[in-house]
Student: 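Before I ask anything, here is the structure I am working with.
Along the sequence shown, residues are numbered consecutively beginning with 1. Remember, it's 1-based here, ligands and their atoms both numbered in the order they're listed. Everything numeric here is computed off the predicted structure, so don't read it as measured data.
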Amino acid sequence: MEFDKELFKESIRSRLKRHYGKKLEEANKHDIYDAVSSAVMDHIQTNWIATRSTYEDADTRQMYYLSAEFLMGRALSNNLINFGIMNAVKEVLDELDFEYTSIEEEEPDAGLGNGGLGRLAACFLDSLATLEYPGHGYGIRYQYGMFEQHIENGFQVEYPDNWLKHRDPWEVKRSDLAVKVRFGGTPVMEKASNGHVHFKLIGAEEITATPYDIPIVGYDTRTVNRLRLWEASSDNGFDLQLFNDMHYHRAVERQNNAENISRVLYPNDSGPSGKALRLKQQYFFSSASLQDLLAKFKRDHGSDFAKFPQFNVIQLNDTHPVVAIPELMRLLIDEEGMGWEAAWDVVSRTFAYTNHTILAEALEKWPIEIFQGLVPRVYQIVEEINRRFLIELREKFPGDWKRQNDMSIIGEGMIRMAWLAIVGCFSVNGVAALHTELLKSTELSDWYGLYPQKFNNKTNGVTQRRWLLSANPELASFITAKIGHGWEKDLSKLKKLEKFADDKAALEEFMQIKYRNKIRLAKYLKETQNIFIDPDSIFDVQIKRLHEYKRQLLNILHVMHLYNRILENPSVDFVPRTFIFGAKAASGYRRAKSIIKLINTVGDRINNDHRVKGRLRVVFVENYRVSLAEKLFPASDVSEQISTAGKEASGTGNMKFMLNGALTVGTLDGANIEIVEEAGAENAFIFGLTTEQIQKIEAEHSYNPQEILSSHPALQAVLTQLIDGTYGSAGDALFRELYDSLVYGVEGQRPDVYYVLADFQSYVEAQEKISAAYADRLGWAKKALLNVARGGKFSSDRTIEDYVRDIWKLKKIVIQ
Ligand SMILES: *Cc1c(COP(=O)(O)O)cnc(C)c1O
């Protein structure tokens, strides 16, 4: 791309003047961030417009990714790299006496997601644009994203994430494209002249949905796709009459209630909130997105909606947007005058569904009263979809009442959103090979029996542009120096690195890069959180949402065990290790919060015990998020992927670690299986029960954690320390609850639901192997390098090509 440095400087100056009334000399770092971003937006706009009109002319099928979450992180570096002007802009800033890295830090993360599911959506958008596919995102412009986590006295405390405090230079408000979304009211039947029956909503509450567009810049292409996020408001929200009568609160109540719909992201990961406002959010963005697509379709193709699936395919990211299925039925029947069969034919060729979890508690269900109250006409349509589906089922399985009960979309007073998805979609996919097989054989086995052709696997991936090229520039340069360019858009090329696996100089250089990344992380944590870590120790890292199934508890119990060993034998030969944790717990998830408190309490004790002599450290980094993740992955030696086998659908953090040369210690779960398959078993540390072993134990009801404890005195000692005052009094009741949940089971649960104690010894042994392996510096370097070299499969580019080939059937559109 042609880039004129002097013009760019001028553009920065004029923006500072216009937006802030400041001269360059008066500008602070944030002003510069904003002005630089605006100037970059100018460049992006040219390609954005070209992309839109090229898609228009191509009259081609486009894909729309409907997702309640897009965990985008920061945009500046990503856009500069993908646009190919990073170095030029750095030079400009240099000449203006600003340091790029400090300007970059001014950007707040767009934290519009919880974790893996939201970050996957963001990686997919990057890959779609880079691979020149017409694929776009639709979601919600939450005013508050994922909460900001502070650690106070060892406890998690949540603060609002006011990421839009300053204006967002990357968004473009499109008031001209606003639509109305209606809630409540009464459906009234009407008969059209052609005999078609449709319904009109009377007395509904009308919400305005206004789109904000964010450009998605492809790497080394002219493609700029679109992320369209909807904001809720009310047109007649301010009641002047009430205001004049001095009812100030009531005067703005309607406006506030409308705005609440896009106010805040629910901080739940892998679990439903069950809150009516959450359903409102889901319907709000699903309906607005569909209205947007139908309006475009009518502009381009008129009212021949049978052709809609020829030009539109909609991927539903989990069940959050599944209400779009009956909503499209409603729009086609009530607004466009179609009959049921014709509308259903359109709908069932349009949608595809991705399942992200097999945790039973995470399958979304809505109570009928809530659903019917909020969207009464949509509820009627769900009933009709179900009525027709049950007829189909009765014909296939006459007399099988249990199956009909189990598979009914409406049952036990609830609407089962996953069932609605499977009935209404032409494709159902899991996100890793094991996950998809488990869906077919367990949770969704009845459905697989009914619709085997719908089921397929799409193993997740991550974009190497953000997670390697941008996050780890030194490793990226090393790779390019060794194998040339090309891997940035075809990650399978990393294979060529294998030939350096025994090249001592290359391995030495590789380890030096890791070391400098560790120093950089240490410096950053010192400056921002006053945390000290030693770059000469192993950085053993577990960063992900805090969840019992992810087993941060197993990790910290092992740390307690190591501490006991050091105290028992102060001169024990011990490879220094720093255990780094980063994790947010859902605000209402009490046990997850107890685990955070435990990690911090144990950390405080160990880090301040001089007898440890720095051989063991435990740190909890606050407020884990995308921009912090970008600093942690490149500095990691060990990747903790220790979920209970069968519980983690895929994981994507595991892939980011692999690409940055960390070795996995993990269970045979999710994509870990595919990671070791690629890396080679000798280059990872696998431990623990397998899914089949756990299935067997559960079928036999044969698990007895107390038996494990009585044959493992060291583990018994660790557990006792949870309750004997070793770790202070503040957390006493909390740690007692953790103890009880492991040993006895609480609140009617089985003891140790996630097999922490069962896997403990196996984990200890895997960790011992890690220490031994790390002591052999070149041996370790070889394993780490081979992980990078064999990580090619885990690019989201590969995942997107899989979706395009099997589900979306898109054509590449090159922007001239
Ligand atoms: C990748 C990523 C995740 C997902 O991590 P898992 O280990 O796969 O659960 C969550 N949060 C952030 C910020 C990430 O970048």
Student: Is there any salt bridge (charged side-chain N to carboxylate O under 4.0 Å, His left out) pair reaching into residues 110-128, and which pairs are they, with sequence neighbours excluded?
Tutor: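 Only D126-R465 qualify under salt bridge (charged side-chain N to carboxylate O under 4.0 Å, His left out).
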Student: With distance as the sole criterion, is a donor-acceptor pair present between the side chains of Q542 and Q641 under 3.5 Å?
Tutor: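 Looking only at side-chain atoms, Q641 and Q542 do not form any donor-acceptor pair under 3.5 Å.
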Student: Starting from the N and O atoms of ligand 1, collect every protein N/O partner closer than 3.5 Å and put each pair on its own line with the distance to 0.1 Å.
Tutor:
{"unit_1": "ligand 1", "atom_1": "7 (O)", "unit_2": "K544", "atom_2": "NZ", "d": "2.7"}
{"unit_1": "ligand 1", "atom_1": "8 (O)", "unit_2": "T652", "atom_2": "N", "d": "2.8"}
{"unit_1": "ligand 1", "atom_1": "8 (O)", "unit_2": "G653", "atom_2": "N", "d": "3.0"}
{"unit_1": "ligand 1", "atom_1": "9 (O)", "unit_2": "K550", "atom_2": "NZ", "d": "2.8"}
{"unit_1": "ligand 1", "atom_1": "15 (O)", "unit_2": "K656", "atom_2": "NZ", "d": "2.6"}

Student: Going by side-chain hydrogen bond (donor to acceptor under 3.5 Å, both in side chains), name the residues that satisfy it together with E104, two or more places apart in sequence or in a different chain.
Tutor: S77
Student: May I ask you to decide if the ring planes of Y64 and H136 are parallel, tilted or perpendicular, using 30° and 60° as cut-offs?
Tutor: parallel
Student: Do you see a donor-acceptor pair shorter than 3.5 Å between the side chains of N114 and E69?
Tutor: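 Yes, E69 and N114 have a side-chain donor paired with an acceptor closer than 3.5 Å.
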Student: Can you list every pair that meets ring-ring contact (aromatic ring centres under 6.0 Å, His included) and has a residue in residues 652-678, with sequence neighbours left out?
Tutor: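 For residues 652-678: F633-F657.
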